[in-house]
Amino acid sequence: MSLLSTKQIQWPCELSEITKAEIMDLAIEIDGIDRYSTLIDGDQQRGIYYCVQGLGTFATTSIDNRPLASFIFGKQMWVGAVAIEIYPKINLYTCELEPLKSLFFPKSELNELAKRNNEVYKLLYSIMRTNSPKIVQGMHLSFYGIEERIAFFLLELVRSKKSTNLPRIEIKITQQQLSEIANVSRPRVNEVLNKLAQEGLIELVRGKLYINDYAALAKSLEDRVVM
């Protein structure tokens, strides 16, 4: 059971207070990203997660570990509902960008609760409705150029931090991590980041970068990509 109250949670849909309390009774507090790698492991390991704080990514990968679709998540985001009933074995690459604290809700216990409270299905559906387009976007990006892919993931990182309204936004990420998330070689990542820096959109610092003009970066991507 979590020490957080139902009022401290950003719920993705309207639920009764009784349902919220029953769901929170299932919560297991976890630190780090290791547990997220079980999102599509054995059925007993699956469930949904709520990010209390921090920033992380995971990517579905092919058998030879090439990223297929990347997903970025941060504070107040729910993940796991899309994968909760996927049975084929799929590999996941995970990366913790900022220290994560999360709540885990086991699938087996959610199933038991759902037998007597149908609102659980409303929660799962709402999470899937929110996250499915993001996963599709991640797959769709493979058809676009390197600059577009890197710009997209930089913008997603900002949105996941809920920092779009700040004049200057810090993103703690290395070029190697961005390379793995975007499935782009590190030299090409360096090339694109330097170009964005020359345009004044970002500023590069060792181990992190700053988004100097979120709106301009978003507009430059919008002009080239239909998402």
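- Within the 4.5 Å cutoff, the side chain of T94 has no heavy atoms near those of the D34 side chain.
- Using a 4.5 Å heavy-atom cutoff, the side chains of S160 and L55 are in contact.
- Put simply, the side chain of L154 does not reach to within 4.5 Å of the side chain of F152, judged on heavy atoms.
- Once rounded to the nearest 0.5 Å, the distance linking OG of S185 with CD of Q176 reads 10.0 Å.
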side-chain contact (heavy atoms from CB on, under 4.5 Å) between I181 and S70, intermediate numbers included: CA-CA 6 Å; I181 293 168; S70 295; 3.9 Å; yes
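- Crowding of K101 atom NZ: a count of heavy atoms from other residues, nucleotides or ligands under 6.0 Å not exceeding 12.
- The backbone N or O of V192 sits nowhere less than 3.5 Å from a side-chain atom of E147 that would complete a donor-acceptor pair.
- Atoms CD1 and CG, from I150 and L221 in turn, are 11.5 Å apart once rounded to the nearest 0.5 Å.
- Counting only distance, with no hydrogens or angles, the side chain of E180 and the backbone of Q177 share no donor-acceptor pair below 3.5 Å.
- One distance of note links CG of L178 with CZ of R188; it measures 13.0 Å at 0.5 Å rounding.
- The two atoms that bring L100 and G54 nearest to each other are CD2-C, 3.6 Å, heavy atoms only.
- Counting non-hydrogen atoms of neighbouring residues, nucleotides and ligands closer than 6.0 angstrom, the NZ atom of K162 exceeds 12 such neighbours.
- Taking the side chain as every heavy atom from C-beta outward, K219 and Y214 never approach each other to under 4.5 Å.
- Residues C95 and I33 approach most closely at O-CD1, 3.1 Å, considering heavy atoms.
- Using a 4.0 Å cut-off between charged side-chain N and carboxylate O, K195 and E191 make no salt bridge.
- Across all their heavy atoms, I171 and K161 have their closest contact at CD1-CD, 3.5 Å.
- Nearest heavy atoms, R186 versus S179: N-OG, 3.5 Å.
- The cationic atom of R35 (NZ for Lys, CZ for Arg) lies less than 6.0 Å from the six-membered ring centre of F104 and within 45° of the ring axis.
- Considering only heavy atoms from C-beta on, V79 stays 4.5 Å or farther from I127 through its side chain.
- The aromatic rings of W78 and Y50 are tilted relative to each other, their planes meeting at an angle between 30° and 60°.
- Between Y36 and Y49, the angle of the ring planes stays under 30°, which puts this pair in the parallel group of the 30/60° scheme.
- No more than 12 heavy-atom neighbours from other residues, nucleotides or ligands sit within 6.0 angstrom of OH on Y125.
- The two residues I48 and G80 make their nearest non-hydrogen contact at CG2-C, 3.9 Å.
- The CG atom of L157 lies 11.0 Å from the CZ atom of F73; values are rounded to the nearest 0.5 Å.
- Annotation for G74 and C51: closest pair O-CB, 3.1 Å, computed over non-hydrogen atoms.
- Scored by the side chain to side chain contact (heavy atoms under 4.5 Å, CB included) test, E17 finds T6, K20 as partners (sequence neighbours excluded).
- Applying the 6.0 Å contact sphere to CD1 of I18 captures no more than 12 heavy atoms from other residues, nucleotides or ligands.
- Between L217 and L196 the shortest side-chain heavy-atom distance falls below 4.5 Å.
- At least one side-chain heavy atom of R159 sits under 4.5 Å from a side-chain heavy atom of T164.
- From W11, atom CH2 reaches atom OG1 of T19 across 9.0 Å, with rounding to the nearest 0.5 Å.
- A salt bridge links K208 to E170: at least one charged side-chain nitrogen sits closer than 4.0 Å to a carboxylate oxygen.
- Proximity of L113 to L26: side-chain heavy atoms (C-beta onward) are separated by under 4.5 Å at one or more points.
- At a threshold of 4.0 Å, the pair R168-E203 counts as salt-bridged, since one of the basic side-chain nitrogens sits closer than that to a carboxylate oxygen.
- One finds the CD1 atom of I72 at 5.5 Å from the CZ atom of F153 (value rounded to the nearest 0.5 Å).
- Here the side chain of S126 pairs no donor or acceptor atom with the backbone of C13 at under 3.5 angstrom.
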